[in-house]
Amino acid sequence: MTMPTPDTIVAISTPRGYSGIGVVRMSGPDSLPILTQIFMPTAADGFNDRTAVHGKLVDRDGRILDDGIAVFMRGPGSYTGEDVVEISLHGSPVILDAAVGLILASGARMAQRGEFTRRAFLNGKLDLLQAEAVVDLIESKTEGAAREARLRLDKGMSSRIANIASTLKDILAELEAHMDFDEDDENPAPDPESRLAALISEFTALQRSVDSSRMHRDGIRVVIAGKPNVGKSTLFNTLMGSNRVIVTPYPGTTRDPVDDFLVLNGMGFLLCDTAGMRQEPDPIEREGIFRTQQRIDNADIAIVVLDGSAPLDQEDEKVLCTCREKASITVLNKADLGLVIDPGHPLLQSTAIPISAKTGFGIQDLEEQLRMTGSARFSSDAGSLLSSWCVQPLASAEQHVKAVLDGLHTRSMAPEIIALELKKALEYLEEITGERADDGILDRIFERFCIGK
Ligand SMILES: Nc1nc2c(c(=O)[nH]1)N(C=O)[C@@H](CNc1ccc(C(=O)N[C@@H](CCC(=O)O)C(=O)O)cc1)CN2
Ligand SMILES: Nc1nc2c(ncn2[C@@H]2O[C@H](COP(=O)(O)OP(=O)(O)OP(=O)(O)O)[C@@H](O)[C@H]2O)c(=O)[nH]1
Ligand SMILES: [Mg+2]
């Protein structure tokens, strides 16, 4: 792992544009010396650790560029663990750029994306999962997503991985202690089987959490499916509250899947309108239907739309069958024309909701059902979620633990091999917390950050 470079970095930490206040941040050993060169405190007592100081930003010729407030935070008791300086100035890009220019001229260099947080990570201020939670928090589009990221930042996840790791370390230590003794020693052989078996269910729970994490961040994927002309696009527009997609009386109107982000009571959904599915499509429609099928496969929830004003037919049955394995909600659309399908029809998975996408009738019921089905899809323990890059190391760690369990079960594994397998499992877990993460993983995570974070 690369060690933190001892240079001093600078960046504007607030968005570019015109704002009340803008913040320029430095981190590194020269932060304070540079500050004293460019910022003249109004009062005589200068800069004390963690104390706001009013003063003037001055250039090399002594010209005053702005007045502002500077705070010096001495490392390691700072966000990055290094000496940090923040200068709040008037929020004009011209002034903020000028301040950065002065700081660069004094020997600092521009920070890369996420470099402040990267340094915080390298200095042990937060681990990799927390660093990732920081960027998820900043990017969160819903209250729910923000809450979940905030919980992760407060350590939820890392401690669960750490708990698994510490169980493995205990077992490893017992095993190694035992290996140092002779066979006939009174020291009994350790029996870690039940503890390892408990870890397997923890692995399963963690893997489930990966899905929840994605749903929080990107929204729950909801696909609207049905045969042509049942009103899928009309429903999409009604739920979105806009005329986003084309609606016509002609079957086969929608060709490409269209996605849009929908927020219901703080819960985010990625809603997808699709091409109608039918048996004998033309070549263009065939490609559209292929894409519909892909979206259905990848969706967390399917809304199956039926034309409730006409009897069920084979095409409807086909769609219902396609969505059988999924969490799905069936709606009987065009209820304004009079329903001929019974909402309790045996072919329907659960009770169907009568709606009219055209008049808005029943839409509230549908939204309520969406929220309920959405909540049910989330892993129950929010704040202990993992993102998708963790899947691989997690699965590998689990595999090694399973190998040990198999070995113990059949009594076919030498203690040395067991120890080796446990160490491998530990290495994968340390990849997740960042104790052993290589630069590639770090780059991938910090790439998502903005400059100044
Ligand atoms: N002005 C400002 N606001 C900010 C940040 C910041 O860096 N500057 N943050 C960040 O981007 C977030 C807050 N996170 C922070 C986390 C730790 C420390 C810090 O100084 N930690 C020290 C001391 C802890 C203490 O005394 O309470 C440490 O961990 O040793 C600062 C900010 C959001 N708001
Ligand atoms: N009376 C009534 N008509 C509706 C309702 N919903 C949709 N329609 C009409 O049904 C026709 C088809 O609607 P679309 O939303 O384009 O149907 P679709 O399922 O997206 O069709 P494809 O894209 O071809 O698969 C249009 O003429 C709509 O105005 C409804 O609730 N009541
Ligand atoms: Mg359509």
Side-chain angles (χ1 to χ4, degrees), residues 11 13-14 21-27 49-50 52 69-88 111 114-121 123-126 130-131 133-135 137-138 150 153-154 224-240 243-258 272-278 281-282 284-285 288-289 291-292 303-310 315-316 319 331-339 353-363 366 449-450 452-453:
S13 286
T14 40
I21 294 169
V23 176
V24 175
R25 176 153 73 164
M26 283 188 264
S27 179
D49 189 17
R50 297 174 165 265
I69 287 179
V71 182
F72 167 60
M73 287 162 273
R74 194 184 297 283
S78 68
Y79 179 65
T80 61
E82 304 174 332
D83 283 359
V84 169
V85 161
E86 292 180 357
I87 313 174
S88 309
E115 198 169 1
F116 290 94
T117 308
R118 191 176 188 134
R119 287 185 174 199
F121 163 69
N123 290 322
K125 286 284 159 181
L126 31 73
Q130 288 172 301
V134 169
V135 67
L137 180 63
I138 292 175
R150 186 62 246 182
L153 186 51
D154 292 339
I224 302 180
K227 71 178 180 192
N229 222 38
V230 291
K232 297 179 296 301
S233 299
T234 309
L235 177 60
F236 181 88
N237 285 342
T238 302
L239 286 169
M240 291 308 308
N243 270 329
R244 175 88 165 72
V245 293
I246 300 173
V247 169
T248 75
Y250 309 106
T253 300
T254 304
R255 297 284 164 92
D256 290 321
V258 178
C272 178
D273 181 28
T274 62
M277 298 169 68
R278 66 170 141 193
D282 67 43
I284 307 173
E285 262 188 289
I289 292 171
R291 292 180 189 204
T292 298
I303 300 179
V304 178
V305 183
L306 306 172
D307 179 348
S309 69
E315 281 175 336
D316 292 320
V319 180
V331 295
L332 302 176
N333 192 32
K334 309 197 185 185
D336 55 298
L337 300 179
L339 286 187
I353 307 173
I355 64 164
S356 167
K358 205 170 191 171
T359 67
F361 166 79
I363 294 298
L366 172 59
F449 280 68
C450 45
K453 186 64 221 177

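Values below: all heavy atoms of this structure, side chains included; hydrogens, waters and symmetry mates excluded. For ligands, and for the atoms within them, numbers begin at 1 and follow the listed sequence.
At least one donor-acceptor pair under 3.5 Å links the side chain of T292 to the backbone N or O of A275.
The protein heavy-atom contact nearest to atom 7 (O) of ligand 1 is R25 NH1, 2.7 Å. Among all non-hydrogen protein atoms, the one lying nearest atom 23 (C) of ligand 1 is R50 NH2, 3.2 Å. Shortest contact from atom 6 (C) of ligand 1 to any protein heavy atom: E86 OE2, 3.3 Å. With hydrogens left out, the protein atom closest to atom 14 (N) of ligand 1 is Y79 CD1, 4.1 Å, a heavy atom.
The number of heavy-atom neighbours closer than 6.0 Å to CD1 of I246, taken from other residues, nucleotides and ligands shown, is 12 or below. The number of heavy atoms from other shown groups lying within 6.0 Å of CD1 (I21) does not exceed 12.
Contact annotation: for R74 versus ligand 1, there are no heavy atoms closer than 4.0 Å.
Smallest separation of non-hydrogen atoms from K232 and A225: CD-C, 3.6 Å. Residues M26 and F116 share a closest heavy-atom pair of C-CE2, 3.8 Å. Taking both residues in full, the closest heavy atoms of L239 and I363 are given as CD2-CG2, 4.1 Å, listed atom of the first, atom of the second, then distance.
Atom 20 (O) of ligand 1 lies below 4.0 Å from at least one non-hydrogen atom of the protein. Atom 3 (N) of ligand 1 is never approached by the protein to below 4.0 angstrom, counting heavy atoms only. There is a protein heavy atom less than 4.0 angstrom from atom 10 (C) of ligand 1.
Those atoms of ligand 1 with a heavy atom of K453 less than 4.0 angstrom away are 10 (C), 11 (O).
Ligand 1 has P76 within reach: a non-hydrogen atom of the residue lies less than 4.0 Å from it. Taking a 4.0 Å cut-off on heavy atoms, K125 registers as neighbouring ligand 1.
Protein residues with a heavy atom under 4.0 Å from ligand 2 are P228, N229, V230, G231, K232, S233, T234, V247, T248, P249, Y250, P251, G252, T253, T254, G276, N333, K334, D336, L337, S356, A357, K358.
Any protein N/O/S atom under 2.8 Å from the Mg ion (ligand 3) was counted, giving 2 altogether.
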Practice task
Begin from the C-alpha positions of R278 and K227 and carry the test side-chain contact (heavy atoms from CB on, under 4.5 Å) through to its verdict.
Solution key: CA-CA 6 Å; R278 66 170 141 193; K227 71 178 180 192; 5.5 Å; no

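For the pair I303 and L235, the minimum side-chain heavy-atom distance is below 4.5 Å.
Test L306, I355, I224 against V331 for side chain to side chain contact (heavy atoms under 4.5 Å, CB included) and you get one pass: I355.
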